[in-house]
Amino acid sequence: MSKFGELIDASVPVLIDFFTEWNEPSVAMNEVIRDVAAALGDKARVIKIDVDKNRELAEALRVKGLPTLMIYKAGQMVWRQSGEMDANTLIALVQEQA
């Protein structure tokens with residue numbers, strides 16, 4: 001959990017994708033997340049967290065639906081949504097926090 005605190009306490013917005021390898025919508029988001037990371041470059045941090053390997057964190061954050069996307073700014077969650085999204089919408093949401 002302390003490592004998570006370090007991840008989200010960044011000077012740039014942090015987009016987190018909670019996913020699993022077996023969930024179809026999660027797998028479908030892989031390419032979208034890659035595109036978002038490429039488009040944002042060093043203006044944001046994009047992190048993928050496997051729910052199966054980080055159950056305690058997922059439970060603490062009440063991650064139920066997959067994928068669950070969150071944006072943190074200076075350690076605070078500023079946006080959260082479950083389900084698939086397109087790259088342009090995600091990029092715009094992250095840029096609003098920059």
Side-chain angles (χ1 to χ4, degrees):
M1 288 293 256
S2 63
K3 188 165 173 24
F4 182 72
E6 291 171 25
L7 288 176
I8 62 172
D9 192 24
S11 59
V12 294
V14 180
L15 171 64
I16 300 177
D17 172 24
F18 285 90
F19 75 101
T20 64
E21 297 291 342
W22 50 265
N23 176 269
E24 278 187 47
S26 289
V27 173
M29 282 298 292
N30 283 339
E31 192 172 327
V32 171
I33 296 297
R34 257 195 312 274
D35 291 347
V36 170
L40 293 170
D42 59 1
K43 293 180 182 71
R45 185 183 285 176
V46 179
I47 300 167
K48 292 178 64 69
I49 297 178
D50 188 331
V51 172
D52 288 335
K53 295 176 183 161
N54 297 278
R55 287 200 185 279
E56 197 175 308
L57 175 61
E59 286 174 18
L61 292 172
R62 294 183 172 85
V63 173
K64 303 280 186 243
L66 293 173
T68 292
L69 304 162
M70 298 178 191
I71 299 174
Y72 281 82
K73 173 121 189 218
Q76 299 296 314
M77 185 190 308
V78 294
W79 179 86
R80 173 182 178 144
Q81 185 173 315
S82 292
E84 295 178 66
M85 292 188 73
D86 66 274
N88 290 335
T89 303
L90 266 178
I91 290 165
L93 284 163
V94 174
Q95 287 175 333
E96 284 174 17
Q97 303 303 326

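The residues of the chain are indexed from 1 along the displayed sequence. Computation of the quantities below employed the complete heavy-atom set of this structure, encompassing side-chain atoms and omitting hydrogens, waters and symmetry-equivalent molecules. Nothing here was measured: the structure is a model prediction, and the numbers come from that model.
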(message) Name the residue from Val27, Ile33, Asp35 that meets the side chain to side chain contact (heavy atoms under 4.5 Å, CB included) definition with Glu31.
(response)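 That would be Asp35; it is the only one of Val27, Ile33, Asp35 passing the side chain to side chain contact (heavy atoms under 4.5 Å, CB included) with Glu31.
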Using atom types as modelled and distance alone, determine if a side-chain donor or acceptor of [X] lies under 3.5 Å from a backbone N or O of [Y].
{"X": "Lys73", "Y": "Pro13", "value": "no"}
{"X": "Asp9", "Y": "Gly5", "value": "no"}
{"X": "Asn23", "Y": "Ser26", "value": "yes"}

Euclidean distance, [Y] [atom2] relative to [X] [atom1], rounded to 0.5 Å:
{"X": "Met29", "Y": "Asp86", "atom1": "CE", "atom2": "CG", "answer": "8.5 Å"}
{"X": "Arg55", "Y": "Asp50", "atom1": "CZ", "atom2": "CG", "answer": "9.0 Å"}
{"X": "Thr89", "Y": "Gln81", "atom1": "OG1", "atom2": "CD", "answer": "9.0 Å"}
{"X": "Lys48", "Y": "Phe18", "atom1": "NZ", "atom2": "CZ", "answer": "11.5 Å"}
{"X": "Gln95", "Y": "Asn88", "atom1": "CD", "atom2": "CG", "answer": "9.5 Å"}
{"X": "Ile16", "Y": "Leu69", "atom1": "CD1", "atom2": "CG", "answer": "10.0 Å"}

Minimal non-hydrogen separation, [X] against [Y], with atom names:
{"X": "Met70", "Y": "Arg80", "value": "CE-NH1, 3.4 Å"}
{"X": "Ala58", "Y": "Val51", "value": "CB-CG1, 3.7 Å"}
{"X": "Leu93", "Y": "Trp79", "value": "CD1-CZ2, 3.4 Å"}
{"X": "Ile91", "Y": "Ala39", "value": "CD1-CB, 3.5 Å"}
{"X": "Ser82", "Y": "Thr68", "value": "OG-OG1, 3.0 Å"}

(request) Apply side-chain contact (heavy atoms from CB on, under 4.5 Å) to the pair Val14 and Leu7, showing each step before the final yes or no. (result) CA-CA 8 Å; Val14 180; Leu7 288 176; 5.6 Å; no
(message) Walk me through whether Arg45 and Ile47 qualify under side-chain contact (heavy atoms from CB on, under 4.5 Å).
(response) CA-CA 7 Å; Arg45 185 183 285 176; Ile47 300 167; 3.6 Å; yes
Decide whether [X] and [Y] are clustered together by the hydrophobic rule: side chain heavy atoms of Ile, Leu, Val, Met, Phe, Trp, Tyr closer than 4.5 Å, transitively.
{"X": "Val32", "Y": "Val46", "value": "yes"}
{"X": "Val94", "Y": "Tyr72", "value": "no"}
{"X": "Leu40", "Y": "Met85", "value": "yes"}
{"X": "Ile71", "Y": "Ile8", "value": "no"}

(message) As a quick check of understanding, evaluate side-chain contact (heavy atoms from CB on, under 4.5 Å) for Leu15 and Leu90, giving each step before the final call.
(response) CA-CA 9 Å; Leu15 171 64; Leu90 266 178; 4.0 Å; yes
(message) Show, in sequence, the C-alpha distance, side-chain angles and deciding distance for Leu61 and Phe4, and conclude whether the side-chain contact (heavy atoms from CB on, under 4.5 Å) test is met.
(response) CA-CA 11 Å; Leu61 292 172; Phe4 182 72; 3.7 Å; yes
(request) Taking the side chain as every heavy atom from C-beta outward, state whether Asp42 and Val12 have any pair of such atoms under 4.5 Å apart. (result)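 No, side chains not in contact.
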